[in-house]
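One structure below.
The model shown is predicted, which means the values in this text are computed figures rather than measured ones. Reminder, nothing fancy here: chain letters follow the sequence lines and each chain counts from 1.
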Number of protein chains: 2
Amino acid sequence: MGHNSKDERRKILEQELSQHPFFTDDELAARFKVSVSTIRLDRGALGIPELRERTKAVAQEAYSTLKSLDDQELIGELRELVIGERACSELMINESMVLAKARVARGHYLFAQANSLAVALVDSPMALTGSVELKFIRPVQLGELVVAVGKVIKRKKNKYWVQVSVRVGTEEVLRGDWVLFAINR
Amino acid sequence: MGHNSKDERRKILEQELSQHPFFTDDELAARFKVSVSTIRLDRGALGIPELRERTKAVAQEAYSTLKSLDDQELIGELRELVIGERACSELMINESMVLAKARVARGHYLFAQANSLAVALVDSPMALTGSVELKFIRPVQLGELVVAVGKVIKRKKNKYWVQVSVRVGTEEVLRGDWVLFAINR
DNA sequence: TTATAATTGTGACCAGGTCACAAGTTCGTG
DNA sequence: CACGAACTTGTGACCTGGTCACAATTATAA
């Protein structure tokens with residue numbers, strides 16, 4: 001066989017499976033015009049488990065992350081919370097939060113962190129965002145740790161004014177003013 | 001057997017499996033102190049497929065939503081786009097987007113839809129949000145179809161002013177003004 | 001041409017099922 | 001108490017998508 005046909009095939013196989021893990025060995029054999037045995041040897045050499053194991057892995061991974069997203073009323077991790085006064089949360093910017101091209105956090109993740117922090121500050125089982133003014137001061141890069149600090153600056157009955165400042169280190173990257181309403185049905 | 005022991009078991013079985021789909025029939029049999037055959041009958045009656053099918057379903061669902069989230073530079077489905085002019089997208093509010101208590105859409109989903117629409121309008125491989133002013137006019141309920149319409153109202157070099165109006169039916173639920181910057185590295 | 005590497009085929013076995021059917025158990029009611 | 005209906009259990013044949021070990025075949029490079 002070609003000096004590199006095997007290694008090349010294995011490289012492609014590895015890529016394909018990492019991108020699209022739901023192929024049987026039969027399908028792979030057809031796709032690579034090679035016997036099933038060869039595919040099995042290749043998988044073995046590459047340490048890639050069988051279809052069912054791959055499926056299971058995807059399912060379990062996804063299952064656990066879905067679960068945790070479900071609980072996530074608050075985006076980021078809460079560090080401090082004095083309801084009606086001040087709060088602070090942290091968010092690590094990971095792969096799933098950045099624009100593919102730019103490795104820069106999508107605006108709505110930062111908004112989500114700040115907004116959920118503002119909501120948490122309201123002394124009520126439920127709060128709705130009324131209006132917001134915000135400035136994105138500089139883009140946030142992949143891997144940066146973002147810290148949001150929120151303060152209630154005014155309150156009139158069920159209406160709250162909250163200021164949120166989002167920082168990376170000491171540098172402010174986002175600042176916003178929220179007006180929220182407490183609903184206490 | 002008890003007058004309701006079967007129906008009760010099936011009810012619990014259904015719940016258990018919907019919450020935690022990775023049990024084999026053997027494990028379920030042990031758990032319910034009943035034979036494997038009975039579990040199979042129960043599953044059959046409830047229309048619940050075997051472990052592998054369940055795993056596959058979870059994996060594929062998760063895989064496709066992960067994929068689409070990955071591609072999802074844009075939140076919602078694009079209906080119209082004339083870059084640099086106007087655009088329109090739709091978003092169906094589902095379970096995962098609402099606050100557990102109130103069945104009302106979390107603010108950051110609406111923001112995400114509007115923000116990603118605004119970003120899409122900018123004629124550039126990449127755009128960053130500069131500042132935003134927005135008003136949440138009324139909360140959006142679970143199951144409502146949200147339509148966002150964006151217009152570029154002004155442009156100066158790489159700086160864009162975009163207005164986004166988000167509606168449910170004819171009713172405006174969110175309105176905002178964005179200032180964005182095109183990055184053309 | 002021949003040694004070596006790569007590929008292919010074969011047969012036995014496994015988990016976690018499906019399906020059809022027979023046999024055993026429990027229960028309420030006459 | 002007996003009996004029929006509902007429920008439960010067991011059995012055997014078969015399926016998919018593999019594993020593993022080993023033998024046979026087919027390139028390919030020297």
Inset, instruction - Just call it for B:Asp26: base, sugar-phosphate, or nothing, with non-hydrogen atoms closer than 4.0 Å on any strand. - result: nothing
Inset, instruction - Indicate, with a heavy-atom threshold strictly under 4.0 Å, whether B:Val34 touches base, sugar-phosphate, or nothing. - result: sugar-phosphate
Selected nucleotide, minimal atom distance to [X] side chain, candidates [options]:
X: A:Glu50; options: D:dT19, C:dT18, C:dT8; answer: D:dT19
X: B:Arg9; options: D:dG18, D:dT8, C:dG16; answer: D:dT8
X: A:Arg43; options: D:dT9, C:dT7, D:dT19; answer: D:dT19
X: B:Ser37; options: C:dA6, C:dT8, D:dG10; answer: D:dG10
X: A:Leu51; options: C:dA6, D:dT9, D:dG18; answer: D:dG18
X: A:Thr24; options: C:dG17, C:dT7, D:dG17; answer: D:dG17

Integer-rounded Å distance: [N] [atom2] and [X] [atom1]:
X: B:Arg54; N: C:dG16; atom1: CZ; atom2: P; result: 12 Å
X: A:Asp7; N: C:dT7; atom1: CG; atom2: C1'; result: 14 Å
X: B:Leu41; N: C:dA22; atom1: CG; atom2: P; result: 15 Å
X: A:Lys6; N: C:dT8; atom1: NZ; atom2: P; result: 13 Å
X: A:Leu28; N: D:dG18; atom1: CG; atom2: P; result: 8 Å
X: B:Asp25; N: C:dT18; atom1: CG; atom2: C1'; result: 11 Å
X: A:Glu53; N: D:dG18; atom1: CD; atom2: P; result: 10 Å
X: B:Phe32; N: D:dC7; atom1: CZ; atom2: P; result: 17 Å

Legend entry - B:Arg40 vs C:dG16: side-chain N/O to OP1/OP2 distance below 4.0 Å: no
Legend entry - Distance below 4.0 Å between A:Thr38 side-chain N/O and C:dT7 OP1 or OP2: no
Legend entry - Contact nearer the 5' end of DNA chain C, comparing A:Arg52 with B:Ile48: A:Arg52
Inset, instruction - Evaluate whether atom CD of B:Glu77 has more than 12 neighbouring non-hydrogen atoms of other residues, nucleotides or ligands under 6.0 angstrom away. - result: no
Inset, instruction - Anything under 30° is parallel, anything over 60° is perpendicular, the rest tilted; go ahead and classify B:Phe22 against B:His20. - result: perpendicular
Inset, instruction - For A:Thr38 and A:Val34, indicate whether the former's side chain and the latter's backbone hold a donor-acceptor pair under 3.5 Å. - result: no
Legend entry - Modelled atom types, side-chain donor and acceptor of A:Trp161 and A:Asp177, under 3.5 Å: no
Inset, instruction - Identify the heavy atoms of A:Leu17 and A:Ile48 that sit nearest to each other, and give their distance. - result: CD1-CG2, 3.8 Å
